[in-house]
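Please read these numbers as outputs of a predicted model, since none were measured by experiment.
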Amino acid sequence: MYPFAVVPTSRHQQGKDHMDLITTFRENPERMPGLALLTTTGAKTGLRRESLLGYVELDGTGVVIASAGGAARNPDWFHNVRGNPRVTVETGDSTYDAYAGIPPAPERDSLFARVIEVAPGYAEYQAKTTRVIPVVVLHRLDRVKGMGDWLVEVHRWLRDELASLRAQAMQGDVTLSPPDLRAHCAGFCTALDRHHGGEDAATFPMLALRFPALATELAKLTAQHATVARIQRELRTAVDVAELDRLAAELDVHFAHEERTVVTALNAIADAPPG
């Protein structure tokens with residue numbers, strides 16, 4: 001394990017010394033074990049930033065610690081991943097793209113305890129500062145099929161169900177629908193309610209906590225759920241073709257927005273459900 005007391009943090013990796021360290025690591029990584037090169041996007045500049053950090057793998061997942069050598073403030077690279085979690089990780093053995101997640105307090109504490117078992121220097125850094133040193137989990141983006149891919153399939157099924165409803169309603173051009181059409185619509189609305197309810201109650205809060213950069217867009221998605229719910233309330237009274245068209249247009253915009261926002265993050269943290 002590389003001696004953590006001399007590992008520079010991003011604020012101190014300036015000029016020639018910084019470049020020399022990175023060059024040495026890339027050319028001879030075996031001389032600097034226990035390190036990884038993390039490439040982030042500058043929160044203010046939007047430029048690529050490289051930071052050579054202590055690196056630990058726990059259960060096959062990379063973890064880095066925002067220690068800054070025990071300084072009073074978090075390192076710049078940590079602010080970068082809060083603004084844009086998409087990163088590249090070079091370990092010497094491999095290079096991979098990842099989504100940098102910030103675990104909630106209980107999970108952070110458990111991970112930090114495991115890290116200091118293999119890298120005790122981090123306990124010394126924590127003792128030097130009053131801030132709680134953040135732990136960052138590097139979720140790889142190379143799953144065969146992740147939870148985000150499954151979400152896209154759910155959206156596809158909901159779109160198909162709604163298209164079937166619209167076709168059924170347009171055949172009779174009805175406002176007051178027959179019982180079978182009302183039952184079909186009620187089943188669709190129930191499925192959509194459960195899907196959005198699960199996102200509002202669990203999925204979106206979890207993603208906002210782990211990936212702060214997504215919080216604003218997730219709040220917009222939650223507001224879109226409320227708009228969709230208002231249209232659904234109208235449909236529960238009568239299956240109106242115009243309201244179905246309005247719902248379809250609203251969901252097209254919402255699903256596209258949601259997929260842009262969360263698919264990569266969900267793929268990073270979980271495999272798709274079996275079956």
Using every non-hydrogen atom in the two residues, find where T129 and A71 come nearest and quote the distance to one decimal.
OG1-O, 3.3 Å
Between T264 and N267, is any pair of side-chain heavy atoms under 4.5 Å apart?
no
Check: residues 204-216 side-chain donor-acceptor pairs under 3.5 Å, at least two apart:
unit_1, atom_1, unit_2, atom_2, d
R210, NH1, E107, OE1, 3.4
R210, NH2, E107, OE1, 2.5

Test: R26 and E50 ion pair at under 4.0 Å:
yes
So CG of L158 and NE2 of H254: to nearest 0.5 Å the spacing works out to 9.5 Å
Return the orientation label for the H196 and H225 ring planes: parallel under 30°, perpendicular over 60°, tilted otherwise.
parallel
For a quick test of reading the model, state the closest non-hydrogen atom pair linking I133 to R108 and the distance between them.
O-NH2, 2.8 Å
Going by an N to O cut-off under 4.0 Å, is there a salt bridge joining E243 and R246?
yes
Count the heavy atoms of every other residue, nucleotide or ligand shown that sit under 6.0 Å from CZ of R48, and state whether that count exceeds 12.
no
Quick check: closest heavy atoms across Y96 and R140, and the distance to 0.1 Å?
CD2-NH1, 3.3 Å
Looking at E217 and K220, does any basic side-chain N land under 4.0 Å from a carboxylate oxygen?
yes
Give, for atom CG of L151 and atom CZ of R156, the distance between the pair rounded to the nearest 0.5 Å.
10.5 Å
Any chance you could measure E259, atom CD, to H155, atom NE2, to the nearest 0.5 Å?
5.5 Å
